[in-house]
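Following this message is one structure expressed as structure tokens.
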Amino acid sequence: MSLTSPLFFAFLAAVVIAFHISESVPYRRFVLGAANAIFMASYLSDVTQVLPLLAFLGLGYASIYALYRRQSPLVLTAGVVAILCCYVFLKRFSFFEGLGQLPFPYLTIGLSYILFRILHMMVDVRSGDLTERIGPLAFFRFTCNFLCFVSGPIQRYQDFSAMDGKAAVQIDASVVYAAFSRIATGYVKFVIIAATADYAFTFVSPHLLQPSGYSFLKLCAVYATVASLYTVYLYFNFSGYMDIVIGIGTLLGQTLPENFDRPFSARSFLEFWQRWHMTLSQWFKFYLFNPLLMVLMTWLPTPALTSYLGVLAFFITFGVMGIWHGTTAVFVIYGLLMGAGASINKLWQVACTERLGKKRYRALTESAAYIYSARGLTVAYFVLALTCLWVPELPQFTALLARLGIAGVATTFVVVAVAFGIAALILDVVQARLRILDLSGIKGGVITRNLHLAGKMMAIVAVATLLHKAPDFVYKAF
Amino acid sequence: MQKTEVYSKLTAVFQDVFDEDDLALTPQTTADDVDGWDSLSHIRLVLAVSKAFGVKFSASEIGNLKNVGEFADLIEKKA
């Protein structure tokens, strides 16, 4: 069920109305469970297509149940290995083609995020963080919550359980207005900005990927344009999707976690990952990076080795995150590039602190020249590393790199970094000037507020008619 | 274990891990207030605290700590 389809809107209206008919918690849980089942069924043309997913859920539930009975490391290890093997088999990773595959098409949408939810429950049950007994229906409502089914956000069961059918958000006129406004903002990002960027990306990218007689500088300019367009498309598509589901969540009494916090304002690559796809990066930090680093530091307790152990943990964590994103070798490269970015950033911080001292280094990072240089470098690195997502096949990826060469990649990197750094500086200056003008009286007025909302809806209709294209959600593929 | 005892012992651990003899802790102290308290040194700190107080922390406890006050409350509960 596409988020931009009339069917989704009808489905959503029916779920919201049904949810608010009664305040009974069991009734509301029934409505949410039924909504999840209907949402999943919309992706099926045959009932057999859902069987592998149901088997995966069954295995996850059995593993959690076994951990309730015996909270031993052995049971946890056996459960994690079984779940991961099942996941790798069902996702048809190209590295494991020899394992064979099921002889019929089946549903894989949502599988990646269900994996995170199941693993989190298993680890938390084992550690004693999750003591509540989870029934099979609550397990289904959590793992297959239709708002988070396609691509998160990744909630913790403890947070979900506190709101499950209980209308944790008290609905009144201003809350409903804010929810619809957020949904409209999401569609503006999704249908206007991301779709336009995708339109331009689809138009320009073939010129880059096919042999042409471009001069060196033109080739770099085209690469910088294509890579930037894809980043704009990815961010607005994904963050627009999040605005939509978080807004709908409010109407259903749920507070879903945020996934983005102005990532392009990050002053370092490490900070960027605290602001981009936050629930995913936090999951990896909690359940892979931190435990891995603890093991490494227990084995090698010398403080002088901290940074090097951190580098190793960054490479492993981002490597696994890269493999999770896709099933080809290019996604491993993506993970390694992200690991390299985080490692370079950490080693730079350590080297600067040692050379300048903590106070002088902190003063340096507060200077305007440093801030905008760091913002430019951070975004440029991320923009170019994302090439792995839009050229996911290894032969095409290596062909592109061969055409650009080291000089081409380096030149494009500098161009994007300088362009973004200058753009960010100009934007900040303009925003600071605008803040001096007190527009709160106009912006907060009832007419202006509603006019703004109506304007968003009008713009959506106008641009959607112009583009003749219903955009799909990019992260659904991961 | 009394809260004052927790803070006294915790301050000594912080001073040792971050190599700052004059480091003073309050419940509101966060990673932003202590030079060098980042995601890597946080893990070294957790290991040192675990050893000093003889307690263990779960993955979500380690990840969800917001300030020294929460850390001290958690230790007080476990020790």
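What you see below is based on every heavy atom in this structure, not just the backbone, and it leaves out hydrogens, waters and symmetry mates. The shown structure was predicted, so the numbers you read here are calculated from the model rather than taken from an experiment. Sequence lines set the chain letters: A, B, ... in the order given, protein chains first and strands last, and positions in each chain run from 1.
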Which bit of Phe289(A) comes within less than 4.5 Å of chain B, counting heavy atoms only: side chain, backbone, both or neither?
side chain

Should we say atom CZ of Arg355(A) is surrounded by more than 12 heavy atoms from elsewhere, each under 6.0 Å from it?
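Open.
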
Counting only non-hydrogen atoms closer than 4.5 Å, does Thr353(A) touch chain B with its backbone (N, CA, C, O), its side chain (CB onward), both, or neither?
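No part of Thr353(A) comes within 4.5 Å of chain B.
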
Got more than 12 heavy atoms from elsewhere within 6.0 Å of OH, Tyr65(A)?
no

Atom pair NE2 (His120(A)) and OG (Ser60(B)), whose distance is rounded to the nearest 0.5 Å
8.5 Å

How many angstroms lie between CD in Gln349(A) and CG in Asp38(B), if you round to the nearest 0.5 Å?
6.5 Å

With a 4.5 Å cut-off on heavy-atom pairs, point out which of Leu40(B), Asp19(B), Val46(B) contacts chain A the most.
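Of Leu40(B), Asp19(B), Val46(B), Leu40(B) has the most heavy-atom pairs under 4.5 Å with chain A.
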
Please report the interatomic distance CD(Glu61(B)) to CG(Asp124(A)), rounded to the nearest 0.5 Å.
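Answer for the CD-CG pair, Glu61(B) versus Asp124(A), is 9.5 Å.
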
From Ser41(B) OG over to Met297(A) CE, what is the distance, rounded to the nearest 0.5 angstrom?
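That separation rounds to 7.5 Å.
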
A quick test of your reading: do over 12 heavy atoms of other residues, nucleotides or ligands sit less than 6.0 Å from CD of Gln2(B)?
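It does not: Gln2(B) CD has 12 such atoms or fewer within range.
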
If you compare all heavy atoms of Met294(A) against all heavy atoms of Ile62(B), which two are closest, and at what distance to 0.1 Å?
SD-CD1, 3.5 Å

So for Asp129(A), is it side chain, backbone, both, or neither that comes closer than 4.5 Å to the heavy atoms of chain B?
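Side chain only.
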
Step by step, would you call Arg156(A) with Asn64(B) a side chain to side chain contact (heavy atoms under 4.5 Å, CB included)?
CA-CA 12 Å; Arg156(A) 296 177 72 231; Asn64(B) 278 322; 4.0 Å; yes

Between NE2 of His42(B) and NZ of Lys285(A), what distance do you get to the nearest 0.5 Å?
7.0 Å

CZ of Phe260(A): more than 12 outside heavy atoms within 6.0 angstrom?
yes

Calculate, to the nearest 0.5 Å, the distance between atoms CG and CD1 belonging to Asn290(A) and Ile43(B) respectively.
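With rounding to 0.5 Å, CG (Asn290(A)) is 3.5 Å from CD1 (Ile43(B)).
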
Count the heavy atoms of every other residue, nucleotide or ligand shown that sit under 6.0 Å from NZ of Lys56(B), and state whether that count exceeds 12.
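No, not enclosed.
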
Is it true that atom NZ of Lys78(B) has more than 12 heavy atoms of other residues, nucleotides or ligands lying nearer than 6.0 Å?
yes

Tell me, side chain or backbone of Arg362(A) under 4.5 Å from chain B's heavy atoms, or both, or neither?
side chain

Side chain / backbone / both / neither for Val17(B) at chain A, heavy atoms under 4.5 Å:
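Contact with chain A involves no heavy atom of Val17(B) at all.
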
